[in-house]
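Worksheet: one structure, shown below.
Per chain, numbering begins at 1; letters A, B, ... match sequence-line order.
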Amino acid sequence: MNYTMKTSGAACAMLLAFMLPTGISGADATDGKYTGPGSCGSTSCHGGVRPRSDNAVLQNEYTTWTLHDKHARAASLLTNEVGTRMGKILGITPSKEQRCLVCHSLNVTEEQKTRSFDTGDGVSCEACHGPASNWLGPHTTRGWQYEKSIALGMTNLRDPVSRAEKCLGCHLGDSTRSVDHELIAAGHPDLYFELNSFTAVMPSHWKEMDKDPFYDLRLLATGQGVALRENLKRISRNASKFWPEYAELDCFTCHHSLVGAKDSWRQARGYPDRRPGNPPWNSSRYTVYRVILNQVDHDSATRLEAGIKRVDDLVSDIRANPSQIAQAAEAASGTADEIAKRMPKLQMDGAAGWKLIKAITASSDRIAGAGERSAEQAAMVLDSLFVASNGGAPAGNGSQVGAAITALFPLVENPSAYNPNSFAQQMRRVGALVP
Amino acid sequence: MPGRTRTTKSLAGRIQGAYYKKVFPIPRWRTLLSRGFLLVGLVWIAWYALARNSTIYSSGPLTKAHSTLGRDCGSCHNQGQGIAKTVTDPKCLSCHDGPVHSVRQVSTPACSSCHLEHRGTQTLLDSSNEACVNCHSNLQVTSGTPTVAVAIKSFTDGHPEFSSATAKDPGQIKFNHKVHLKKQLRGLTGNVEMACTDCHKTIAPEISDVAFSPRPARAYMVKVNYEAQCAKCHPLEFDKRIAAVVPHKKLDAVHEFLVAQFSSYIAAHPEELLARPDAERIPREKMERVAKDAKEWVAFRVEDSERLLETKTCVECHTLNPTGSLPTVAPANITTRWLRKGSFNHSAHVGSQCTVCHQKALVSEKASDVLIPGISTCQQCHNASWGHKGLDAGATCLECHQYHDWNKEKDVRRTIAGL
């Protein structure tokens, strides 16, 4: 697992030289070691039971994590019934298997630890916040700034792009972490992610430092943008290794309940964009984002469209040349990266959120038709947009909108039985309630 | 030639004829006085003898400890052998126990070879090192091999390093001295700076494992105690709803406490049973458990609190061993006395900063670190070279060691006649 920080070389070193009190060596930010979750959880530090108001941070982060956050139990999944069965299928011991531990624990070597701690603690503090040895001591001192910790190797999770990257490292995968069709076949769920929804459910253990009341809208757009970029990079990696990697395709094109031909909505719809029999790309990281981008940054949306179209066409063609796929995805990921980095800087207000809800629901047929994964992405995004906008510019019938959005979720409860027509219909109901 | 004037006759005339019959004053006084003083002496002695007062024969005053024996020389000196006879061990042992030094020692000196009476001292102890070094500079034992260093000539010559200083702390409390002593340590309500004495206090009147003869009560540090030293910054909070903290007791008592707290809480706040988690925001993920009744609610909350306590709060300091339904806490094993063979008195060193000797405390990150200083630290002041840099705190064996093995002490109760 690669936990190294991206540093900006000389600038960072100079910054360090100014910031470090004398006596602390001007260590490179990347040489930090991991101190384990126990280093953070003292009651006076981050282990209180209720949030403290006299500080910039809540100071009950550890408690929230250990009691309510599934990350704290990530390692236990490796030894539960499903985990054990997966181990048997794959011929591995999940609790000792790098392929599993890279995401289910704070997976670092003994040399990277300052003291012994166990992978059984799951995804603990430093899995996201970075190795603490260089900033653990100084960061409790009076007047200490977050930026000083960043300079000493803390991951900057206040930056929406790097936060989204950090989540997606596991929730989508990166160069060292992946959930492929083999893992899914053995029992691992397919990965899906929406930054705001997952943050709320985690639940978040922090106060946002950006006081923009519509920060969540910018965060949402950033989450979408980074997810697409990472998806494209993953396609490129997979196409260079082993193709077709079925995990890139829409699961429920194949995995669905079979009904008689006359009752099949698939056949009733036909296959307008691809050769019948070719499973299509799982475009859920694009379908909804595309609508958002069209609203907030039309030029970027247009620039992205062509590159994505090529990826979509190639991935959805089972006979396509993998190296072409890799090249196309790599090219598109560059554009996606550049656009994703613009997302945190968007100017958003309450009206923008409602406009986005309206636009997404206006695209109901296209989104619902793109498959179950796109539909559930739409449900989560609509829900997050509703939560982020509701306080700012009430549409008058806010609670009805909320209820209509909530009604989208049962429609994706059983993905194999997903029906795009009913989902599109419910999306239109949502849209009709928004002025 | 002149005529002879010095004749025999004239010379003889100078001597009185009956000179030997005459009594001259000086010899007379000599005789008178010598006989007179003898007589006075005899009368003086006779007087004291008649008064049965023997102090005039004593070779010096008695120590305070023995002052109750009064003038009864026979309490210590064997009767019938003359008043100058030395004191033999049975006389001492009739009142005192003198536990053996070592069962394997090759010779046992008489009590009186170290415990000198009539010297006007306060302690009855001859504090010279010679008695010890006689054997310990070339130690022989009656069987087997010696268990202590065999060539100790003084504290600075041949004395081994303290065994505890090179051992591992048997304590099982996780503690980081460096963090607790750092500037701007994060406290519950802002930053604090801690001093050694915030936790280490010498008011230790009852030290259960002191095997040696009684020492002043402030010799050793009292065992660090959660309620007194830790609770202020490490409260045992367990749930955001309840301000109380769990008792610092065994986990079964904690369990009972939690059940009682949550039971009374839900009885007072029944509306919480109706609370439902926010609408699900992720398809197919059910995040919160919903309790069907008060009993289940209590069970869920107790389970959560115990998870918090057992995975975070308790293990911040303790090691928990999984046993049955509740884990057991590893015994703290806090050491009160580090120098097992020698005694030490903190109160005698009260003029020094703690870190003058315990320098390692400033940088120690692990509880397994032993933070007592090594012998070289002691030797800086306790050395045998008199006047060495003005730092001679004495270096006799008896500064730290006792001859008798008081673990083997037997109770010898004798009533002194007349008291």
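- Contacts with chain B were tallied for A:G48, A:S197, A:G137; A:S197 has the most, counting heavy-atom pairs under 4.5 Å.
- For the options B:V315, B:D239, B:L185, B:L236, heavy-atom pairs under 4.5 Å to chain A are most numerous at B:D239.
- In terms of heavy-atom pairs under 4.5 Å with chain A, the best-connected choice from B:R241, B:R186, B:E303, B:R307 is B:R307.
- Among the candidates A:R142, A:Q59, A:M380, the residue making the largest number of heavy-atom pairs closer than 4.5 Å to chain B is A:R142.
- The backbone N or O of B:N225 lies less than 3.5 Å from a partner atom in the side chain of B:Q229, making a donor-acceptor pair.
- In terms of modelled atom types and a separation under 3.5 Å, the side chain of A:S44 and the main chain of B:C233 share a donor-acceptor contact.
- Listed by chain and residue number, A:T253 satisfy the side chain to side chain donor-acceptor pair (under 3.5 Å) test with A:D250 (two or more places apart in sequence, or in another chain).
- Residue B:D304 touches chain A through both its backbone and its side chain, counting heavy-atom pairs closer than 4.5 Å.
- Proximity to chain A (any heavy atom under 4.5 Å) is restricted, for B:I242, to the backbone atoms N, CA, C and O.
- At a 4.5 Å heavy-atom cutoff, the contact between B:E316 and chain A is made by side-chain atoms alone.
- Of all the listed residues (A:P410, A:G38, A:S384, A:C45), the one sharing the greatest number of non-hydrogen pairs under 4.5 Å with chain B is A:S384.
- The choice from B:K183, B:E237, B:H234, B:K182 that makes the most heavy-atom pairs within less than 4.5 Å of chain A is B:E237.
- Note on B:R284 versus A:E376: salt bridge recorded, some NZ/NE/NH1/NH2 to OD/OE distance being below 4.0 Å.
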